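Everything on this sheet refers to the single structure shown next.
Not measured: the values here are computed from a predicted model. We use all heavy atoms of the structure for the numbers below, so side chains are in, but hydrogens, waters and symmetry mates are not.
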Amino acid sequence: MLIAAMVLAILLAVAVLAVGVPKALALKTAVDQTVGLGLDLRVMRLTGVFEVLGGVGLIVGLVGKWLGIAWAVWLGAAAAVGLVVLMVLALGFHVTKRDPVQRMVPSAVLLVLSAAVLATWLMAM
């Protein structure tokens with residue numbers, strides 16, 4: 001179970017960093033997409049910061065697991081919980097905006113991946 005947890009955590013960390021960094025830095029692509037959704041740019045940046053923190057927390061948790069640092073392992077679990085909550089909120093936002101399913105897919109995929117990381121992480125502890 002440990003290997004599954006590590007592989008899933010790496011995949012999730014890469015994914016959330018890939019979507020979070022452009023939002024946190026307010027890059028043009030992220031800003032254009034956010035304006036199209038009708039979301040405030042401050043909320044976009046905050047969401048990006050949370051995604052980056054979640055990705056970094058997962059990486060720190062992986063390193064902590066590898067080195068046997070207990071607090072870092074719990075940080076990884078907390079990051080997974082935070083990402084689950086963030087993705088539930090993102091899906092809720094898309095539902096309230098009545099977005100088409102295509103716009104909900106990335107949040108739904110990241111939610112499933114976050115839940116899988118959390119479940120395997122807790123089983124591997």
Side-chain angles (χ1 to χ4, degrees):
M1 194 57 65
L2 176 60
I3 292 174
M6 294 177 88
V7 169
L8 289 172
I10 290 168
L11 287 173
L12 180 59
V14 168
V16 295
L17 287 171
V19 297
V21 168
K23 291 177 192 172
L25 297 176
L27 299 181
K28 183 176 179 357
T29 55
V31 170
D32 292 345
Q33 194 174 38
T34 300
V35 169
L37 290 171
L39 189 64
D40 186 85
L41 293 179
R42 292 173 294 183
V43 174
M44 176 204 70
R45 288 190 91 162
L46 185 61
T47 302
V49 168
F50 285 146
E51 288 168 341
V52 169
L53 288 174
V56 170
L58 289 172
I59 292 167
V60 169
L62 284 171
V63 172
K65 185 87 169 158
W66 185 53
L67 295 176
I69 303 170
W71 66 265
V73 175
W74 284 104
L75 178 67
V81 169
L83 288 170
V84 167
V85 170
L86 187 62
M87 292 308 131
V88 167
L89 292 172
L91 275 174
F93 169 78
H94 287 293
V95 168
T96 59
K97 290 288 186 179
R98 298 183 192 266
D99 282 340
V101 173
Q102 296 89 343
R103 285 199 177 174
M104 294 183 200
V105 169
S107 297
V109 169
L110 289 176
L111 172 60
V112 169
L113 188 54
S114 299
V117 166
L118 181 60
T120 56
W121 195 277
L122 293 176
M123 285 189 266
M125 288 178 95

Just one of Leu46, Leu41, Asp40 clears the side chain to side chain contact (heavy atoms under 4.5 Å, CB included) bar with Val43, so which one?
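The single option meeting the side chain to side chain contact (heavy atoms under 4.5 Å, CB included) with Val43 is Asp40.
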Residue among Met44, Arg45, Glu51 satisfying side chain to side chain contact (heavy atoms under 4.5 Å, CB included) with Thr47
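By the side chain to side chain contact (heavy atoms under 4.5 Å, CB included) criterion, Thr47 pairs with just one of Met44, Arg45, Glu51: Glu51.
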First locate atom [atom1] of [X], then atom [atom2] of [Y], and finally report the distance between them rounded to the nearest 0.5 Å.
{"X": "His94", "Y": "Met104", "atom1": "NE2", "atom2": "CE", "answer": "7.5 Å"}
{"X": "Leu8", "Y": "Leu118", "atom1": "CG", "atom2": "CG", "answer": "11.5 Å"}
{"X": "Asp99", "Y": "Leu91", "atom1": "CG", "atom2": "CG", "answer": "10.5 Å"}

Can you check side-chain contact (heavy atoms from CB on, under 4.5 Å) on Leu62 and Ile10, steps first, answer last?
CA-CA 8 Å; Leu62 284 171; Ile10 290 168; 3.5 Å; yes
Can any side-chain N or O of Trp121 pair as donor or acceptor with the backbone N or O of Ala78 at less than 3.5 Å?
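Here the side-chain-to-backbone pair does not exist.
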Determine whether a donor-acceptor pair (N or O, by modelled atom type, separation under 3.5 Å) exists between the side chain of Lys65 and the backbone of Ala124.
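Yes: the side chain of Lys65 pairs with the backbone of Ala124.
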Provide the closest heavy-atom pair for [X] versus [Y] in the form atom of the first, atom of the second, distance.
{"X": "Ala24", "Y": "Val49", "value": "CB-N, 3.9 Å"}
{"X": "Leu83", "Y": "Ser114", "value": "CB-OG, 3.6 Å"}
{"X": "Ala77", "Y": "Leu122", "value": "CB-CD2, 4.4 Å"}
{"X": "Ala13", "Y": "Leu58", "value": "N-CD1, 3.9 Å"}
{"X": "Gly64", "Y": "Val73", "value": "C-CG2, 3.9 Å"}

Single-linkage hydrophobic cluster Val52~Leu27, side-chain heavy atoms < 4.5 angstrom:
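Cluster IDs for Val52 and Leu27 match.
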Say whether Leu11 and Ile59 are linked into one hydrophobic cluster, either directly or through other cluster members, by side-chain heavy-atom distances under 4.5 angstrom.
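No: no chain of side-chain contacts under 4.5 Å links Leu11 to Ile59.
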Is there a side-chain contact between Leu86 and Val16, using heavy atoms and a 4.5 Å cut-off?
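They are not in contact (no side-chain heavy atoms under 4.5 Å apart), so the answer is no.
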